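Each remark here refers to the structure printed beneath this line.
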There are 2 protein chains.
Amino acid sequence: MTTPQLTKNQSLVFDVLEKAEGPLSAYTILDKLRDHGFRAPLQVYRALEKLLEYGVVHRLESINSFVACAHPGDDCHSHGIVAFAICESCGQVMEFHDHEVDHRLMAWVRGQKFKPEKTTIEIRGLCEACAA
Amino acid sequence: MTTPQLTKNQSLVFDVLEKAEGPLSAYTILDKLRDHGFRAPLQVYRALEKLLEYGVVHRLESINSFVACAHPGDDCHSHGIVAFAICESCGQVMEFHDHEVDHRLMAWVRGQKFKPEKTTIEIRGLCEACAA
DNA sequence: TTGCAAATGTTATGTTATTACATCAATTGC
DNA sequence: GCAATTGATGTAATAACATAACATTTGCAA
């Protein structure tokens with residue numbers, strides 16, 4: 001999928017996520033955009049919905065937050081399943097891909113005739129700096 | 001870890017989850033236990049906290065719900081990372097384990113000197129019956 | 001220029017989870 | 001025995017996350 005031109009709200013939300021150190025909740029994004037005229041959660045959620053669809057933003061299910069994709073200008077979908085390591089101390093997120101993991105999960109899924117739509121892999125713990 | 005004797009509230013919550021067809025939200029559990037004297041969400045969340053700790057219940061992060069562990073009488077922790085396939089149509093959940101997936105994720109983690117605490121693997125999609 | 005689809009604005013509400021504080025019951029140490 | 005501690009419970013209030021419903025605006029193509 002190629003990313004279409006972002007609308008005003010989509011750009012604002014994406015910029016906030018890109019400039020952020022780590023993942024942000026929808027309401028945190030809302031607060032950061034009040035100066036730009038944002039008033040309601042839906043303005044954020046609607047933008048996020050599109051950004052997720054375009055693959056330029058990821059949702060972290062285990063912490064109800066969102067991050068910009070770590071592959072600028074690239075298409076995340078081509079990498080297979082995206083996995084995340086989330087530091088519970090500093091909030092830093094590392095994004096990675098492992099084709100063997102994809103392969104094993106998809107093999108299991110095939111065996112069950114299960115039709116996968118969206119797969120979540122999130123490892124919560126402590127990053128090197130915080131574990132020290 | 002061996003599971004200690006459950007308290008009254010823990011037993012009530014666990015029984016509800018065991019008898020359920022699929023995952024339940026905390027508030028759904030609350031509703032099912034009103035007849036047994038439950039009045040507040042916290043009664044459910046506190047019981048769930050312990051049941052999760054004992055490993056007899058799993059939390060499904062991507063749907064904010066809880067399921068009884070699919071290995072009755074067994075200790076889930078000994079199986080490594082638990083993965084779930086969740087049917088978005090009928091709500092059915094399949095629980096499985098794949099040592100190779102564990103191995104690959106833990107290898108990545110070691111390479112980053114990341115210290116994992118809790119790992120989530122959830123595949124949302126359609127089960128065989130619902131995909132037909 | 002009309003008609004449509006997508007995006008936006010706004011209010012209200014629904015859903016999930018926690019904080020704060022009080023009480024009760026079992027256990028331990030003296 | 002009986003303080004002291006610990007863990008479980010009860011209750012109210014609130015915080016945090018997400019969507020429904022409806023009105024309006026915008027861009028664009030027939």
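Labels below follow one simple rule: chain letters A, B, ... track the order of the sequence lines, proteins then strands, and each chain is numbered from 1. Computed from a predicted model, the values in this text were never measured in an experiment.
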Notebook entry, point to check: In whole angstroms, how far is the C1' atom of D:dA16 from the CG atom of A:L24?
Noted result: 15 Å
Note to self: Quick one: does any side-chain atom of A:N9 pair with a main-chain N or O of A:A47 as donor and acceptor, under 3.5 Å?
What the structure shows: no
Notebook entry, point to check: Atom CD1 of A:I63 to atom C1' of D:dA16: distance rounded to whole Å?
Noted result: 14 Å
Margin query: Between B:R59 and B:S65, is the side-chain hydrogen bond (donor to acceptor under 3.5 Å, both in side chains) condition met? List the steps.
Written below: CA-CA 6 Å; B:R59 179 193 175 90; B:S65 295; over 6 Å; no
Next item on the list: Compare the minimum distances between each of C:dT16, D:dA18, C:dA17 and the side chain of B:R59, then state the nucleotide with the smallest one.
Entry: C:dA17
Notebook entry, point to check: Between atom CG in A:L52 and atom C1' in D:dA18, what is the gap in whole Å?
Noted result: 13 Å
Item checked: For B:K115, salt bridge (Lys or Arg N to Asp or Glu O under 4.0 Å) partners two or more places apart -> B:E117
Next item on the list: Find the distance B:K50:NZ to D:dT9:C1' and express it as a whole number of Å.
Entry: 13 Å
Next item on the list: Would you mind reading off the distance between B:L48 atom CG and D:dA8 atom C1', rounded to a whole angstrom?
Entry: 15 Å
Margin query: Strictly distance-based, threshold 3.5 Å: is any side-chain N or O of B:Q43 a donor or acceptor partner for the main-chain N or O of B:R39?
Written below: yes
Checklist line | Separation of D:dA15 P from A:L30 CG (nearest whole Å) | finding: 16 Å
Next item on the list: Report yes or no: do A:E122 and B:T120 form a side-chain donor-acceptor pair below 3.5 Å?
Entry: no
Next item on the list: Nearest whole angstrom, please: distance from the P of C:dT16 to the OH of A:Y45.
Entry: 13 Å
Check: Atom CG of A:N64 and atom C1' of D:dT19: how far apart are they, to the nearest Å?
Finding: 14 Å
Note to self: Across nucleotides 8-13 of chain C, 5' to 3', mark each nucleotide with B, S or - according to how protein heavy atoms within less than 4.0 Å reach it.
What the structure shows: BBBB--
Next item on the list: Measure up the A:F66 and A:Y45 rings against each other and bin them: parallel (under 30°), tilted (30 to 60°), perpendicular (over 60°).
Entry: perpendicular
